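Treat the numbers as computed from the prediction; the structure is a model and nothing was measured.
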Amino acid sequence: MIYILIIIALFILLIAFNKRAVPVFLYHQVNPISNVTPELFEEHLKIIKKYDIKTVTISEYYNNINKNSMLLTFDDGYYDNFKYVFPLLKKYNIKATIFLNTLYIMDKRENEPEIKDNNTVNLEAMKKYIESGSATINQYMSWEEIKEMYDSGLIDFQAHSHKHTAIFTGTKIEGLTKKDKMEPPELYLYRELENNYPVFAKRGEYSGKAKIVKKEFFNIFKKFYEENIENKVTDKNEILKKCQEFIDKNTEYFSDESEAEYKKRIEEDFLENKRLIEKNVGNQVKFFCWPWGHRSKETIKVLKKLGVVGFISTKKGTNSMKPNWDMIRRIELRKYTPEKFKINLLVARNLILGKIYGWIS
């Protein structure tokens, strides 16, 4: 009898808390060569309409919403968001929020690009940045396109950092670089794509204080490795041991970022991100989306002093109608089939099921 009562009680709770959570979905690129194609994304929008769920922007969420609401969010600001996503949002009258990396955005588009994957896009942009100090690239939306989207009333634009780069967090060697597998954050840190540089732990630039490595050390290390270890030592553990010994003997190339330097770096990057969005869009920037989802309690304090009221993460789960604005949770699916999208949507709009989903994830 007691088990039946427990089941009934749980059933009542699930019904009572249905449509009382706010799912937030995360996308990056939507194009014919990405994980989410325009056709697949349209299926997601049809599901939202089928269940009569109201979409809101992050600013509307903060200012109070009704139950049975959700958010669609896009990180970075790729051109396909304008070319493919925007027409579909207009077609179904659905709202979204896009978090922008402003270093890469040009004023006006001169020609329509052949869309590329985001790693290729950001490598090209970072190479340009290192060579010239400018990283604007036509694979991102232009300010002219962004303004058109904002003026539609369907899309909000908020902060995602200016550069979206990384910092080193330690000097314990984890491996050696392979130039054909290096990604944009590594190019930013090393300043060139090369084999046999030391791989150190890294995180998003907003995640805390950095371990500073003088750039000349990388080629000093590379020379040491190729002359003393490569093709001479075969055991992986022994290779890492000898490399670490060399690193530890060259401490003059390493330093710890001070508290003041860390805060100055964060403030300058964020304020430039905020300035460019507000100047070109005409809105208020009050929300910050963590690059790579790398969060920091200390950075939250810094950004709150600069006017940020909400922080958007990549932590899975759902949110209440009066959420924890220090950590808005989002759902990103590696295989975004309509069935998976529907299941996650229906689970995450129930406050109890959504919280359980977050704990499990």
Which atom pair, heavy atoms only, marks the closest approach of [X] to [Y]?
X      : Y      : value
Val199 : Leu176 : CG2-C, 3.6 Å
Asp235 : Glu238 : OD2-N, 2.9 Å
Val285 : Ala159 : CG1-CB, 3.8 Å
Ile98  : Met149 : CD1-CE, 3.8 Å
Gly204 : Trp292 : CA-CE3, 3.4 Å

Supply the atom-to-atom distance [X] [atom1] to [Y] [atom2], rounded to the nearest 0.5 angstrom.
X      : Y      : atom1 : atom2 : answer
Leu100 : Asp76  : CG    : CG    : 9.0 Å
Lys54  : Ile48  : NZ    : CD1   : 14.0 Å
His162 : Leu103 : NE2   : CG    : 4.5 Å
Lys301 : Asp326 : NZ    : CG    : 11.0 Å
Leu271 : Leu303 : CG    : CG    : 9.0 Å
Ile137 : Tyr104 : CD1   : OH    : 10.0 Å

- [ ] Determine, step by step, whether Val56 and Tyr62 satisfy the side-chain contact (heavy atoms from CB on, under 4.5 Å) criterion, reporting the C-alpha distance in whole Å, the side-chain angles of both residues, the deciding distance to 0.1 Å, and the verdict.
- [x] CA-CA 10 Å; Val56 296; Tyr62 186 77; over 6 Å; no
Donor-acceptor pair, side chain of [X] and main chain of [Y], under 3.5 angstrom:
X      : Y      : answer
Thr73  : Phe25  : yes
Tyr262 : Thr299 : yes
Gln139 : Lys116 : yes
Asn195 : Lys179 : yes
Gln244 : Lys241 : no
His160 : Cys289 : yes
Lys242 : Ile229 : no
Asn231 : Glu226 : no
Glu227 : Lys222 : no
Ser207 : His294 : no

Quick one: does [X]'s side chain get under 4.5 Å of [Y]'s, heavy atoms only?
X      : Y      : result
Phe82  : Ser142 : no
Tyr129 : Tyr188 : yes
Arg330 : Leu71  : no
Asn31  : Lys83  : no
Leu88  : Leu45  : yes
Leu345 : Ile53  : yes
Asn81  : Glu145 : no
Tyr197 : Glu192 : yes

[X] atom [atom1]: more than 12 heavy-atom contacts under 6.0 Å:
X      : atom1 : result
Lys342 : NZ    : no
Asn35  : CG    : no
Lys305 : NZ    : no
Lys315 : NZ    : no
Glu174 : CD    : yes
Asn119 : CG    : yes
Glu114 : CD    : no
Lys215 : NZ    : yes

Going by the angle between their ring planes, with limits at 30° and 60°, are [X] and [Y] parallel, tilted or perpendicular?
X      : Y      : answer
Phe200 : Phe254 : perpendicular
Phe288 : Trp290 : perpendicular
His44  : Tyr27  : tilted
Phe168 : Phe218 : tilted

- [ ] Could you walk me through whether Val22 and Met321 pass the side-chain contact (heavy atoms from CB on, under 4.5 Å) test, one step at a time?
- [x] CA-CA 6 Å; Val22 183; Met321 293 175 67; 4.2 Å; yes
Do [X] and [Y] get their side chains close enough for a donor-acceptor pair, meaning under 3.5 Å?
X      : Y      : value
Arg349 : Asn68  : yes
Tyr357 : Asn344 : yes
Tyr84  : Thr37  : no
Ser161 : Asn273 : no

Open item on the list: Ring centres under 6.0 Å, that's the criterion: do Phe74 and Phe41 meet it?
Closed with: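 Yes, the ring of Phe74 comes within the 6.0 Å limit of the ring of Phe41, centre to centre.
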Open item on the list: In this structure, is the centre-to-centre distance between the rings of Tyr140 and Tyr78 below 6.0 Å?
Closed with: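 Yes, they do, as the ring centres are separated by less than 6.0 Å.
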Open item on the list: Run Phe311 and Tyr206 through ring-ring contact (aromatic ring centres under 6.0 Å, His included) and show every step you take.
Closed with: CA-CA 12 Å; Phe311 298 85; Tyr206 281 71; 9.9 Å; no
TODO: Show your working on ring-ring contact (aromatic ring centres under 6.0 Å, His included) between Trp325 and Tyr61 and close with a plain yes or no.
DONE: CA-CA 10 Å; Trp325 281 102; Tyr61 185 13; 5.0 Å; yes
TODO: Would you check, one step at a time, whether the test side-chain contact (heavy atoms from CB on, under 4.5 Å) holds for Thr97 with Phe287?
DONE: CA-CA 10 Å; Thr97 301; Phe287 303 92; over 6 Å; no
TODO: Decide side-chain contact (heavy atoms from CB on, under 4.5 Å) for Leu26 and His28; before the verdict, give the C-alpha distance in whole Å, the side-chain angles of both, and the deciding distance to 0.1 Å.
DONE: CA-CA 7 Å; Leu26 163 60; His28 287 86; 4.0 Å; yes
TODO: Verify salt bridge (charged side-chain N to carboxylate O under 4.0 Å, His left out) between Glu131 and Lys128, making sure each step is shown before the conclusion.
DONE: CA-CA 5 Å; Glu131 291 169 359; Lys128 183 181 176 185; over 6 Å; no
- [ ] Please test Glu298 against Lys209 for salt bridge (charged side-chain N to carboxylate O under 4.0 Å, His left out), starting from the C-alpha separation and ending with a verdict.
- [x] CA-CA 10 Å; Glu298 189 61 33; Lys209 289 183 280 189; over 6 Å; no
